[in-house]
Amino acid sequence: MTISQILLKMAGQHSSAHPGAVEGFMRNPWLWAALGASAGGIGCWLLTLRRLPLSVAYPWTALIYVLTPLAGAALFAEALTGRYAFGMALILAGVVLTSRSVTRS
């Protein structure tokens, strides 16, 4: 899903540079790639849920809130503050704590 979000950001940049419905949206390769990545993410999620209980799998989706900003900083030079980094550390701690407290059925 992080890849999908990065592709959506690129689709938005493409749309800004190419105004109009046809060039900005319908012929936007980044938008179509993002939609494909989203569909792929949903497929992977369904496969995951076939093997793991929701209570085990779901906390890992919070990693999107860590990986996406890191990718944004690396690819788009977006700034991450110390406060943001602290929040990401809390998310990581939460994922670890919730993953260890759930037993598989």
Side-chain angles (χ1 to χ4, degrees):
M1 295 314 290
T2 294
I3 292 170
S4 174
Q5 295 303 311
I6 295 301
L7 291 169
L8 284 171
K9 170 77 173 180
M10 296 171 93
Q13 291 175 334
H14 177 88
S15 181
S16 293
H18 299 89
V22 173
E23 287 300 319
F25 293 100
M26 293 171 52
R27 290 187 183 167
N28 188 333
W30 301 111
L31 178 59
W32 294 106
L35 293 173
S38 291
I42 291 168
C44 288
W45 181 242
L46 291 173
L47 291 173
T48 298
L49 292 178
R50 288 177 65 183
R51 292 179 171 74
L52 293 175
L54 184 60
S55 58
V56 173
Y58 192 72
W60 290 93
T61 64
L63 293 179
I64 293 168
Y65 301 112
V66 174
L67 297 175
T68 303
L70 290 175
L75 297 172
F76 304 111
E78 295 177 355
L80 296 178
T81 64
R83 186 178 274 182
Y84 204 96
F86 181 67
M88 290 191 300
L90 290 175
I91 290 169
L92 291 173
V95 169
V96 170
L97 288 172
T98 57
S99 295
R100 291 179 184 227
S101 67
V102 175
T103 59
R104 292 184 186 197
S105 54

* To do: Is it possible for you to say whether I42 and L8 belong to one hydrophobic cluster, with membership spreading through side-chain heavy-atom contacts below 4.5 Å?
  => no
* Could I get the full list of side chain to side chain donor-acceptor pair (under 3.5 Å) partners for T48, not counting sequence neighbours? => none
* Is atom CG of L63 surrounded by more than 12 heavy atoms (other residues, nucleotides or ligands) closer than 6.0 Å? -> yes
* **Between CZ on residue R50 and CG on residue L46, distance to nearest 0.5 Å** => 9.0 Å
* Asked: Sequence neighbours excluded, which residues qualify as side chain to side chain donor-acceptor pair (under 3.5 Å) partners of W32?
  -> none
* Side-chain contact, heavy-atom cut-off 4.5 Å: M10 with F76? -> yes
* Structure fact -> Heavy-atom closest pair (L31 atom, F25 atom, distance to 0.1 Å) is CD2-O, 3.6 Å
* To do: Verify, without hydrogens or angle tests, whether T68 (side chain) and Y65 (backbone) share a donor-acceptor contact under 3.5 angstrom.
  => no
* To do: Please check if W60 and L52 belong to a single hydrophobic cluster, counting links between Ile, Leu, Val, Met, Phe, Trp and Tyr side chain heavy atoms closer than 4.5 Å.
  => no
* Side chains of M88 and L80: does their closest heavy-atom pair fall under 4.5 Å? -> yes
* To do: Measure the CG-OH distance between L70 and Y84 for me, rounded to the nearest 0.5 Å.
  => 8.5 Å
* Between S16 (side chain) and G12 (backbone), is there a donor-acceptor pair under 3.5 Å? -> yes
* Say you draw a straight line from CE of M26 to NE2 of H18; how long is it, rounded to the nearest 0.5 Å? -> 15.0 Å
* What heavy-atom pair brings R27 and H14 nearest, and what distance separates the two atoms? -> O-NE2, 4.1 Å
* Of all the heavy-atom pairs spanning N28 and A11, show the shortest one and how long it is. => ND2-O, 2.9 Å
* May I ask whether W30 and I6 are part of the same hydrophobic cluster, defined by side-chain heavy atoms of I, L, V, M, F, W, Y residues being less than 4.5 angstrom apart, directly or through others? => yes
* Structure fact -> Looking only at heavy atoms, the pair that brings P59 and V95 closest together is O-CG2, 3.4 Å
* To do: For S99 and V96, indicate whether the former's side chain and the latter's backbone hold a donor-acceptor pair under 3.5 Å.
  => no
* **Point-to-point distance, once rounded to the nearest 0.5 Å, from CG of L92 to CG of L97** => 11.0 Å
* To do: Kindly determine whether T98 and V56 satisfy side-chain contact (heavy atoms from CB on, under 4.5 Å), including the steps that lead there.
  => CA-CA 8 Å; T98 57; V56 173; over 6 Å; no
* A57 to L49 - nearest heavy-atom pair and separation -> CB-CD2, 4.1 Å
* How far apart are the closest heavy atoms of S4 and S38, and which atoms are they? -> OG-OG, 2.6 Å
